[in-house]
Protein chains: 2
Amino acid sequence: MAVDRLYALLERLGNLLRTEERAAGLPHGLQPVHLQALRYLQSCNRYSNTPAALTEYLGLTKGTVSQTLLLLEEKGLLRKQADTQDRRVIHLLLTEAGRAVLKEALPPELFKRALTGLPGEGEALEEALTGLLRSLQAANAQRSFGACGTCKHFKREGPGRFRCGLTQEPLSREDSQLLCREHEAVPPAH
Amino acid sequence: MAVDRLYALLERLGNLLRTEERAAGLPHGLQPVHLQALRYLQSCNRYSNTPAALTEYLGLTKGTVSQTLLLLEEKGLLRKQADTQDRRVIHLLLTEAGRAVLKEALPPELFKRALTGLPGEGEALEEALTGLLRSLQAANAQRSFGACGTCKHFKREGPGRFRCGLTQEPLSREDSQLLCREHEAVPPAH
DNA sequence: GCATTTAGTATCGAGTCGATACCAATCGGC
DNA sequence: GCCGATTGGTATCGACTCGATACTAAATGC
């Protein structure tokens with residue numbers, strides 16, 4: 001029974017967010033999925049700003065995402081840059097216009113206002129939702145797209161010096177806060 | 001900053017649910033919004049099973065919802081019944097087939113599985129999400145569509161005997177658990 | 001080297017969704 | 001009562017999402 005109620009709650013919240021997002025994108029002629037793509041590209045690292053990564057993130061098919069990107073490029077909100085190593089790969093970079101739109105539209109004003117009344121800045125809620133999301137992603141065999149610094153491959157080498165255990169690349173403090181498509185959550189301590 | 005993270009979390013959860021829902025509806029040729037409509041109609045009371053109420057619940061326009069209902073009626077998942085009092089109003093009733101589809105499809109299997117691992121049956125999460133939803137609905141000047149028994153018009157008249165302070169109608173125990181479009185949350189105690 | 005896999009694009013059709021226009025019934029003044 | 005305003009619902013249209021399928025090109029594996 002509790003499962004049904006939780007499901008209904010999440011569905012309703014999702015719809016509300018979507019409606020808000022639709023309204024927020026309307027002045028710019030953007031749909032919810034466009035804003036979501038822009039937001040992802042703004043917060044992902046340099047290995048995860050490709051159509052394929054975005055496809056996994058959004059949970060859509062690559063054909064659908066390809067169309068979305070075409071539209072965003074036409075509107076001048078992002079540009080494509082060929083990868084120097086792998087000539088099949090394309091990197092998606094937000095333009096200044098893209099950043100500006102995002103800054104104006106997300107999160108929607110009403111969402112921010114509704115959240116100010118939340119107890120304890122919503123820390124507990126954030127933790128609970130993260131747990132739920134990880135659980136759902138695990139059940140779906142989906143990537144988690146967490147922040148680099150919370151990944152099990154993340155290694156501390158000194159004050160302000162980090163490294164990725166997977167690519168062996170050094171990481172800056174800013175890097176550690178970006179989303180990574182290779183992210184794997186640290187298994188919870190028992 | 002915490003607002004951004006919370007927003008991202010909710011957006012992602014919403015997308016995941018939507019993807020699940022899409023998959024769950026596919027075998028029946030139904031879209032997410034169709035399942036949502038069926039679920040609402042299953043759990044709302046007899047004053048709230050109209051196109052207008054569903055429109056408010058889903059946050060769409062009445063034209064859009066009218067189309068959705070046309071499709072569901074064609075598929076034999078619901079039937080329409082004219083109101084005896086107000087001849088403009090139509091009541092939407094799930095058919096057996098509609099109930100069957102819903103029972104099979106929602107909540108999606110993976111969601112149920114993901115939730116079993118949640119601490120404390122998710123009671124705390126449910127409470128937090130309810131608070132967030134109410135807050136968002138208030139900010140949006142939207143109706144809350146809560147269960148009748150949690151409404152400020154709900155009156156206890158004795159063991160198992162209730163009454164709605166708005167319509168003055170007597171309510172059964174089952175009535176008290178159904179969603180109502182006139183629902184207004186009890187203001188939180190200070 | 002050659003089959004397989006992976007990254008991305010192109011095209012098509014089904015369907016959502018909002019906007020606009022419309023009709024019928026009810027309600028509110030008076 | 002009566003007439004304008006409001007409410008409940010439908011119809012139609014166009015923009016857009018999304019999945020499915022088919023395709024190209026580059027990389028990978030054996």
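Reckoned from all heavy atoms, side chains included, excluding hydrogens, waters and symmetry mates. Proteins get letters first, then strands, A, B, ... in listed order; numbering begins at 1 in each. Remember, it's a predicted structure, so these values are computed and weren't measured experimentally.
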Is the shortest side-chain N/O distance from [X] to OP1 or OP2 of [N] below 4.0 Å?
{"X": "B:Arg88", "N": "D:dG9", "answer": "no"}
{"X": "B:Lys80", "N": "D:dT10", "answer": "yes"}
{"X": "A:His34", "N": "D:dC16", "answer": "no"}

Counting the atoms with a prime plus P, OP1 and OP2 as sugar-phosphate, which does [X] contact under 4.0 Å by heavy atoms, base, sugar-phosphate, or nothing?
{"X": "A:Val33", "result": "sugar-phosphate"}
{"X": "A:Gln85", "result": "sugar-phosphate"}
{"X": "A:Thr50", "result": "sugar-phosphate"}

Per [X] side chain, nearest of listed nucleotides [options]:
{"X": "B:Arg87", "options": "D:dG9, C:dT26, D:dA27", "result": "C:dT26"}
{"X": "A:Ala52", "options": "D:dG19, C:dG8, D:dG9", "result": "C:dG8"}
{"X": "B:Lys62", "options": "C:dT16, D:dG8, C:dA7", "result": "D:dG8"}
{"X": "A:Arg181", "options": "C:dA7, C:dT9, D:dG19", "result": "C:dA7"}
{"X": "A:Asp86", "options": "C:dG8, D:dT10, D:dA26", "result": "D:dA26"}

What's the [atom1]-[atom2] distance between [X] and [N], to the nearest Å?
{"X": "A:Glu74", "N": "C:dA10", "atom1": "CD", "atom2": "P", "result": "11 Å"}
{"X": "A:Asp83", "N": "C:dT6", "atom1": "CG", "atom2": "P", "result": "17 Å"}
{"X": "B:Leu92", "N": "D:dG9", "atom1": "CG", "atom2": "P", "result": "8 Å"}
{"X": "B:Leu69", "N": "D:dG9", "atom1": "CG", "atom2": "P", "result": "9 Å"}
{"X": "B:Arg22", "N": "D:dC18", "atom1": "CZ", "atom2": "P", "result": "6 Å"}
{"X": "B:Gln81", "N": "D:dG8", "atom1": "CD", "atom2": "C1'", "result": "17 Å"}
{"X": "A:Leu60", "N": "C:dG8", "atom1": "CG", "atom2": "P", "result": "15 Å"}
{"X": "B:Gln31", "N": "C:dC17", "atom1": "CD", "atom2": "P", "result": "8 Å"}

N/O donor-acceptor pair, side chain B:Thr64 with base C:dG18, under 3.5 angstrom: yes
Residues B:Glu169, B:Arg46; criterion salt bridge (charged side-chain N to carboxylate O under 4.0 Å, His left out); working and verdict: CA-CA 12 Å; B:Glu169 288 226 20; B:Arg46 59 189 177 281; 3.5 Å; yes
Test log, rule side chain to side chain donor-acceptor pair (under 3.5 Å), inputs B:Arg134 and B:Gln137: CA-CA 5 Å; B:Arg134 291 288 172 264; B:Gln137 285 169 332; 3.0 Å; yes
Within 45° cone of A:Tyr57 ring axis and under 6.0 Å: B:Arg12 NZ or CZ: yes
Find out whether [X] and [Y] are in side-chain contact, i.e. whether some heavy atom of one side chain is under 4.5 Å from a heavy atom of the other.
{"X": "B:Arg143", "Y": "B:Glu182", "result": "yes"}
{"X": "B:Ser66", "Y": "B:Leu69", "result": "no"}
{"X": "B:Leu93", "Y": "B:Leu41", "result": "no"}

Along DNA chain C (nearest heavy atom to each residue), the more 5'-positioned of A:Arg18 and A:Pro51: A:Pro51
